[in-house]
Amino acid sequence: MELNELERLRVEKLRLLREAGMEPYPARVHRTHSAAEAVAAFEAAEEQGEAAPEVIVAGRIVGIRILGKVAFAHIEDGTGKIQLFLRKNDLGESLYTLFKRAFDLGDFVEAGGPLIRTRTGEISVQVQSLRMLAKAITPLPYPKEYRDEEGNLKRYAAFSDVEERYRQRYADLAVNPEVREIFRKRSLMIRALRRWLDDHGYLEVETPILQPIYGGAAARPFVTYHNQLKQKLYLRISFELYLKRLLVGMYEGVYELGRDFRNEGVSYKHNPEFTQLELYRAYTDLYGMMETAEQLIAYAAREVLGTMQLPYQEHTVDLTPPWRRVALHAVIREGTGIDYRQFPDAESLRAEMRRRGYEAAEEASWGHLVDNLLSEVEPSLIQPTFVYDYPSAISPLAKQKADDPTHVERFELFIGGMELGNAFTELNDPFEQERRFLQQGRAYEAGDEEAHPMDTDYLRAMKYGMPPNGGFGLGIDRLAMLFTDRHSIREVLLYPHLRRKEG
RNA sequence: GGGUCGUUAGCUCAGCCCGGUAGAGCAGGGGCCUUUUAAGCCCAGGGCCGCAGGUUCGAAUCCUGCACGACCCA
């Protein structure tokens with residue numbers, strides 16, 4: 001192990017501890033109270049006029065102030081912080097000296113003694129016994145905390161280098177409590193989504209991540225290989241086709257919450273693997289899914305944040321249902337001045353887009369050009385908005401509108417200027433589905449690498465009869481961004497993808 | 001993929017324009033200090049200045065390339 005100067009000094013302290021008969025990495029812990037429990041126990045005793053309880057607390061040292069023959073330290077555990085008050089008279093010469101010489105910021109320790117209030121009124125453990133639980137060799141970049149003139153808690157030189165925070169997330173979490181809070185909220189959010197679905201007749205299921213044919217979205221897959229079966233396999237880009245097969249199998253409502261993988265660029269709202277919720281429900285449609293989306297997300301906000309008014313970047317997002325519903329052609333015309341319905345082929349739409357100063361790639365199909373126009377509008381869709389009626393060409397799994405087969409019953413949900421969800425009245429006509437797959441095949445031939453592949457087993461399932469149904473997919477990471485007011489998906493992923501770096 | 005910016009001590013940063021061989025605060029080390037909470041005071045340390053090359057008597061500083069990251073655009 002290569003050690004720097006600071007680490008070598010701490011290794012020397014390991015020796016000091018062992019010489020004093022104190023094992024730096026013992027197996028047993030004798031904690032009687034968490035930090036929060038100790039504080040509560042003291043306050044309860046104080047209120048009852050009883051003697052202060054004796055406790056043993058355990059945690060990481062996050063602050064030390066040595067004043068001579070007396071010292072103060074704060075330790076932190078999963079419930080919060082508590083102060084240790086150490087006196088030479090209480091600990092004895094040798095243990096007190098060992099504390100001064102061998103205990104550092106970042107060490108996990110155990111301290112026992114009665115609870116007291118110090119002169120400044122802070123509830124503290126007046127330490128009689130002290131053990132090392134795990135000596136830290138590498139110093140954690142603990143910031144200093146202080147209160148400014150207005151009394152706001154400020155931090156001095158906090159560990160904030162974005163790259164290092166992601167590469168060493170453990171250190172980030174250890175020293176930045178607000179980062180821990182992001183992932184706590186994320187977990188509560190996912191729990192709330194599950195609870196709502198479980199309470200509304202959805203069955204949670206698990207479907208293959210390794211798939212012989214990928215599908216359910218427009219994206220390039222990661223490819224892998226099964227050696228024994230001598231078979232190419234894809235990491236799933238969505239759960240859609242496997243979940244809808246289950247409706248053929250007579251489940252009325254199913255959902256899956258898990259990881260999708262898309263072999264595409266990284267951005268503030270894209271990571272190659274991301275978490276998705278997909279749900280499907282028989283005997284409903286696009287409009288049922290709009291209500292489901294509203295109820296589900298509003299419920300999670302109420303449970304996790306206690307409010308429907310979310311501060312997001314410089315905006316306040318109001319999640320109170322019902323949400324705005326606007327047709328795709330209308331929202332695009334509103335934002336760009338182009339009514340794409342007047343330009344029904346790629347050539348004329350491309351010309352019109354260029355005339356208005358928008359980029360339009362030569363090889364882009366009509367459907368993709370429409371999608372490009374939507375991207376122009378996307379950042380302005382801050383309040384929850386269902387954009388509905390999408391071109392069939394870019395929606396091979398959705399049912400066409402009865403009065404306009406060039407469009408399908410599909411919506412995308414936008415909140416905070418991001419696409420959060422996608423839903424259809426699901427296509428359940430096997431012959432139409434076959435035509436769509438063939439159409440996608442032609443698009444692939446024409447150079448669209450994201451075109452949907454043919455899936456004959458899916459067609460076979462549909463031929464047995466698939467009930468009319470609605471489906472909705474929700475980007476969990478982006479919802480977490482919204483709930484925690486983070487502008488980057490990496491802030492809501494514990495281990496975001498980074499390029500490898502030597503050393 | 002393109003553009004802009006960044007990378008200096010364990011952490012947070014200054015120094016770079018205008019080249020002369022590296023600084024601060026915190027952390028760490030030694031000392032004083034028996035109620036502190038950014039504790040205080042004194043002393044002494046600590047650096048492949050992202051990597052490689054070029055220009056120059058001399059490069060953290062100027063130039064080129066590369067790596068990694070941030071932001072914007074595609």
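Here the structure is a predicted model, which is why all the values come from computation and not from measurement. All chains are named by letter (A, B, ...) in the order of the sequence lines, taking the proteins before the strands, and each is independently numbered beginning at 1.
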(request) Could you give the distance separating rA70(B) and rC13(B) at their P atoms, to the nearest angstrom? (result) 15 Å

(request) Take the protein atom OH of Y96(A) and the nucleotide atom P of rU34(B), then report the distance between them rounded to whole Å. (result) 9 Å

(message) What's the gap between rG54(B) and rG47(B) when it is taken at their P atoms, as a whole Å value?
(response) 27 Å

(message) Looking at E278(A) and R236(A), is any side-chain nitrogen of the basic one under 4.0 Å from a carboxylate oxygen of the acidic one?
(response) no

(request) Not counting sequence neighbours, list each pair that qualifies as a side chain to side chain donor-acceptor pair (under 3.5 Å) and has a residue in residues 347-358 of chain A. (result) D345(A)-S348(A), E352(A)-R355(A), E352(A)-R356(A), R354(A)-E362(A)

(message) With side chain to side chain donor-acceptor pair (under 3.5 Å) as the rule and sequence neighbours excluded, what pairs involving residues 179-190 of chain A come up?
(response) E76(A)-R180(A), E181(A)-R184(A), R186(A)-T275(A), R186(A)-D477(A)

(request) Round to the nearest Å and state the distance from F103(A) atom CZ to rA27(B) atom P. (result) 19 Å

Which donor-acceptor pairs under 3.5 Å do side chains of residues 47-54 of chain A form with protein atoms, sequence neighbours excluded?
none

(message) Could you tell me how far apart H270(A) (NE2) and rA70(B) (C1') are, to the nearest whole angstrom?
(response) 18 Å

(request) Starting at atom CZ of R8(A), determine the distance to atom C1' of rG46(B), rounded to an integer number of angstrom. (result) 11 Å

Tabulate protein N/O versus nucleotide N/O from nucleotides 5-16 of chain B, keeping only pairs under 3.5 Å, one per line.
residue : atom : partner : partner atom : Å
rC11(B) : O2'  : A157(A) : O            : 2.9
rU12(B) : OP1  : S160(A) : N            : 3.2
rU12(B) : OP1  : D161(A) : N            : 2.9

(request) Please report, rounded to the nearest Å, how far the P atom of rA38(B) is from the NZ atom of K81(A). (result) 11 Å

(message) For RNA chain B, which residues of residues 124-138 of chain A approach it to below 4.0 angstrom with any heavy atom?
(response) none

(request) Mind running a 4.0 Å heavy-atom check of residues 477-492 of chain A against RNA chain B and sending the residues that fall below it, in number order? (result) H487(A), R490(A)

(message) Roughly how many Å apart are rA24(B) and rU64(B), using the P atom of each and rounding to a whole number?
(response) 33 Å

(message) I'd like the P distance from rG15(B) over to rG20(B), given in whole Å.
(response) 14 Å

Compile the donor-acceptor pairs under 3.5 Å between side chains in residues 442-451 of chain A and protein atoms, sequence neighbours left out, one pair per line.
residue : atom : partner : partner atom : Å
D448(A) : OD1  : E450(A) : N            : 2.9
E449(A) : OE1  : R220(A) : NE           : 3.4

(request) Select base, sugar-phosphate, or nothing to describe what E7(A) touches, counting heavy atoms under 4.0 Å on all strands. (result) nothing

(request) Taking atom types as modelled, find out whether H74(A) and E122(A) have a side-chain donor-acceptor pair closer than 3.5 angstrom. (result) yes

(request) Decide yes or no, distance alone: a donor-acceptor N/O pair under 3.5 angstrom between the base of rU35(B) and the side-chain of E122(A). (result) no

(message) Counting the atoms with a prime plus P, OP1 and OP2 as sugar-phosphate, which does R165(A) contact under 4.0 Å by heavy atoms, base, sugar-phosphate, or nothing?
(response) nothing

(request) Pick the P atom in rU61(B) and in rU55(B), then give their distance to the nearest Å. (result) 15 Å

(request) Taking R87(A) for its side chain and Y96(A) for its backbone only, find out whether a donor-acceptor pair lies under 3.5 Å. (result) no

(message) On the nucleotide rG69(B), are OP1 or OP2 found under 4.0 Å from the side-chain N or O atoms that R499(A) carries?
(response) yes

(message) Assess, by modelled atom type and distance only, whether the side chains of R65(A) and Q83(A) contain a donor and an acceptor separated by less than 3.5 Å.
(response) yes

(message) So, using side-chain hydrogen bond (donor to acceptor under 3.5 Å, both in side chains) as the criterion, who are the partners of R325(A) when residues are at least two apart?
(response) none

(message) Tell me if the aromatic rings of Y234(A) and F222(A) count as close, with their centers under 6.0 Å from one another.
(response) no

(message) Suppose the criterion is ring pair (Phe, Tyr, Trp, His ring centres under 6.0 Å): which pairs have a residue in residues 99-120 of chain A, not counting sequence neighbours?
(response) F99(A)-F103(A)

(request) Using the test side-chain hydrogen bond (donor to acceptor under 3.5 Å, both in side chains), find all partners of R60(A) that sit at least two apart in sequence or belong to another chain. (result) none

Indicate every side-chain donor-acceptor pair of residues 382-397 of chain A with a distance under 3.5 Å to a residue at least two apart or in another chain.
residue : atom : partner : partner atom : Å
Q383(A) : OE1  : D318(A) : N            : 2.8
Q383(A) : NE2  : T316(A) : O            : 2.7
T385(A) : OG1  : Q383(A) : O            : 2.7
D389(A) : OD1  : K401(A) : NZ           : 3.2
D389(A) : OD2  : K401(A) : NZ           : 3.2
Y390(A) : OH   : E412(A) : OE1          : 2.8
S392(A) : OG   : P405(A) : O            : 2.8
S392(A) : OG   : T406(A) : O            : 2.8
S392(A) : OG   : H407(A) : N            : 3.3
S395(A) : OG   : P391(A) : O            : 3.0
S395(A) : OG   : R410(A) : NH1          : 2.8

(message) Can you tell me how the ring of Y268(A) sits relative to the ring of H487(A), calling it parallel under 30°, perpendicular over 60° and tilted otherwise?
(response) parallel

(request) Give the rounded distance in Å between these two atoms: OH of Y358(A) and C1' of rC73(B). (result) 15 Å

(request) Go through residues 49-79 of chain A and report each residue with a non-hydrogen atom lying under 4.0 Å from RNA chain B, sorted by number. (result) R65(A), I66(A), L67(A), G68(A), K69(A), V70(A), F72(A), H74(A)

(message) Check the phosphate of rA27(B) against K144(A), side-chain N and O only, distance under 4.0 Å to OP1 or OP2. Yes or no?
(response) yes

(request) Starting from P on rA27(B), measure out to CZ on R10(A) and report it in whole angstrom. (result) 12 Å

